[in-house]
Amino acid sequence: MRYDFSHMTHQDIAPADWADLTARHPDLCHLPSQAVGKAKLLTLAPEALLFRRGERPRVIPYLIEGEIHMVRHLRNGGMAVIVRVKRGFFAEASLDSPAYHCDVIAKTACTVLTLPLPSFQAALDESKAFRRATFARQAREIRRLCSQCERLSLPTAEGRLIHYVNIEGQDGAIELTQTVKVLAAELGLTHEALYRTLAKLEKTEVLKRAGKRIELL
């Protein structure tokens, strides 16, 4: 399947709209004017596929509104959420790659800014501020992915869940910002397996749940 935006609503960005975008997303201020002129806006419906793993990279996207999931499909039929994006640039890992590394799905209605890959590369070359902001963002993402790789290497569902609460939460507790089904995908588990694990750990008093809060005991 070729990368194709023809089924999506897209539009140019007027100067007034760009001023509003940069007011709400200050990191876009670092983009050089030439890159701004190449940017487009896309609107995506929930569950819309932005691109598939294996497709040739043509743009670097920036999430304005909504939630995007970058996912890999597992041999057991499950799905692992590699990245949950709530704002900002994503998929930069494909900048110097012949193919995108994940399926990218809009989990809610989304507004996405797309920047042609050559324009993104030129912005890195031309703007020191944009380059610094990009490297800082990628450093944070590397730290997050290191924790996730460590977590997914754990052999048990119990171990992955406890690791998640300890690392992503604070003081042994976390307030979930996603559904249990989405959390299961992040942990590389089916949601049935995660529900069983939560029930088991509650019964053995390893943790307790109150609404969306999970606390280790």
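Among all heavy-atom pairs drawn from S97 and P57, the shortest one is O-CG, 3.4 Å. When every heavy atom of R72 is checked against every heavy atom of C102, the shortest pair comes out as NE-SG, 3.9 Å. Minimum interatomic distance between P32 and A123 (heavy atoms only, all atoms of both residues): CD-CB, 3.6 Å. Nearest heavy-atom pair across A106 and C110 is CB-SG, 3.8 Å. Contact record, T22 with C29: CB-SG, 3.6 Å, taken as the closest heavy-atom pair.
Between L95 and L124 there is a side-chain heavy-atom pair separated by less than 4.5 Å. Looking at L207 and E202, their side chains come closer than 4.5 Å, going by heavy atoms from C-beta outward. The shortest side-chain heavy-atom distance between I64 and R24 falls under the 4.5 Å cut-off. Here the side chains of I167 and Q148 are not in contact, with every heavy-atom distance at 4.5 Å or above. Counting only heavy atoms from C-beta outward, the side chains of W18 and L113 approach each other to under 4.5 Å. Between L189 and L161 the shortest side-chain heavy-atom distance does not fall below 4.5 Å. When side chains are defined from C-beta on, Y100 does not count as touching L50, because their heavy atoms never get closer than 4.5 Å. Here the side chains of R160 and T197 are not in contact, with every heavy-atom distance at 4.5 Å or above.
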Could you walk me through whether V83 and F90 satisfy the side chain to side chain contact (heavy atoms under 4.5 Å, CB included) test, starting with their C-alpha distance in whole Å, then the side-chain angles of each, then the deciding distance to 0.1 Å, before giving a yes or no? CA-CA 9 Å; V83 181; F90 59 98; 5.8 Å; no

Go through it in stages, so that I can follow the logic: the residues are D27 and R87, the test is side chain to side chain contact (heavy atoms under 4.5 Å, CB included), and I'd like the CA-CA distance, side-chain angles, deciding distance and then a yes or no. CA-CA 11 Å; D27 46 333; R87 65 175 292 163; 4.0 Å; yes

Derivation of the side chain to side chain contact (heavy atoms under 4.5 Å, CB included) call for I68 and L44: CA-CA 10 Å; I68 291 281; L44 304 174; 4.2 Å; yes

Go through K200 and V206 one step at a time and tell me if the side chain to side chain contact (heavy atoms under 4.5 Å, CB included) criterion holds. CA-CA 9 Å; K200 175 183 176 181; V206 174; over 6 Å; no

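In this structure, E192 places its CD atom where more than 12 heavy-atom neighbours from other residues, nucleotides or ligands lie under 6.0 Å away. No more than 12 heavy atoms of other residues, nucleotides or ligands lie within 6.0 Å of CD in E205, so this atom counts as exposed by the packing criterion.
How far CG of L176 is from CZ of R209: 7.5 Å, rounded to the nearest 0.5 Å. Distance CG/D171 to CD/E215: 9.5 Å, rounded to 0.5 Å. In this structure, R143 CZ and Q138 CD are separated by 12.0 Å, a value rounded to the nearest 0.5 Å. Here CD of E65 is found 8.5 Å from CG of L63. Values are rounded to the nearest 0.5 Å. Note that CG of L183 is 6.0 Å distant from CD1 of I214, once rounded to the nearest 0.5 Å. Note: T114 OG1 to Y62 OH = 14.0 Å, rounded to the nearest 0.5 Å.
Between S94 and the options H101, R56, R58, E55, a side chain to side chain donor-acceptor pair (under 3.5 Å) holds for only H101. Checked against R84 for a salt bridge (charged side-chain N to carboxylate O under 4.0 Å, His left out), the options E67, E168, E141 give a single hit: E67.
Note on residues 114-140: pairs passing salt bridge (charged side-chain N to carboxylate O under 4.0 Å, His left out), not counting sequence neighbours, are E92-R137.
I162 and L152 fall into different hydrophobic clusters, where Ile, Leu, Val, Met, Phe, Trp and Tyr are joined by side-chain heavy atoms under 4.5 Å apart, directly or via other members. Clustering ILVMFWY residues whenever any of their side-chain heavy atoms sit less than 4.5 angstrom apart, transitively, puts Y164 in the very cluster that holds L198. Cluster annotation: L201 is not connected to L154 through the hydrophobic network of ILVMFWY side chains, with a link wherever side-chain heavy atoms come within less than 4.5 Å. Transitive grouping of hydrophobic side chains (ILVMFWY, heavy atoms separated by less than 4.5 Å) keeps V182 and I174 in distinct clusters. There is no path of hydrophobic side-chain contacts, each under 4.5 Å, that joins M70 to L187.
Between the side chains of E186 and Q178, at least one donor N or O lies within less than 3.5 Å of an accepting N or O.
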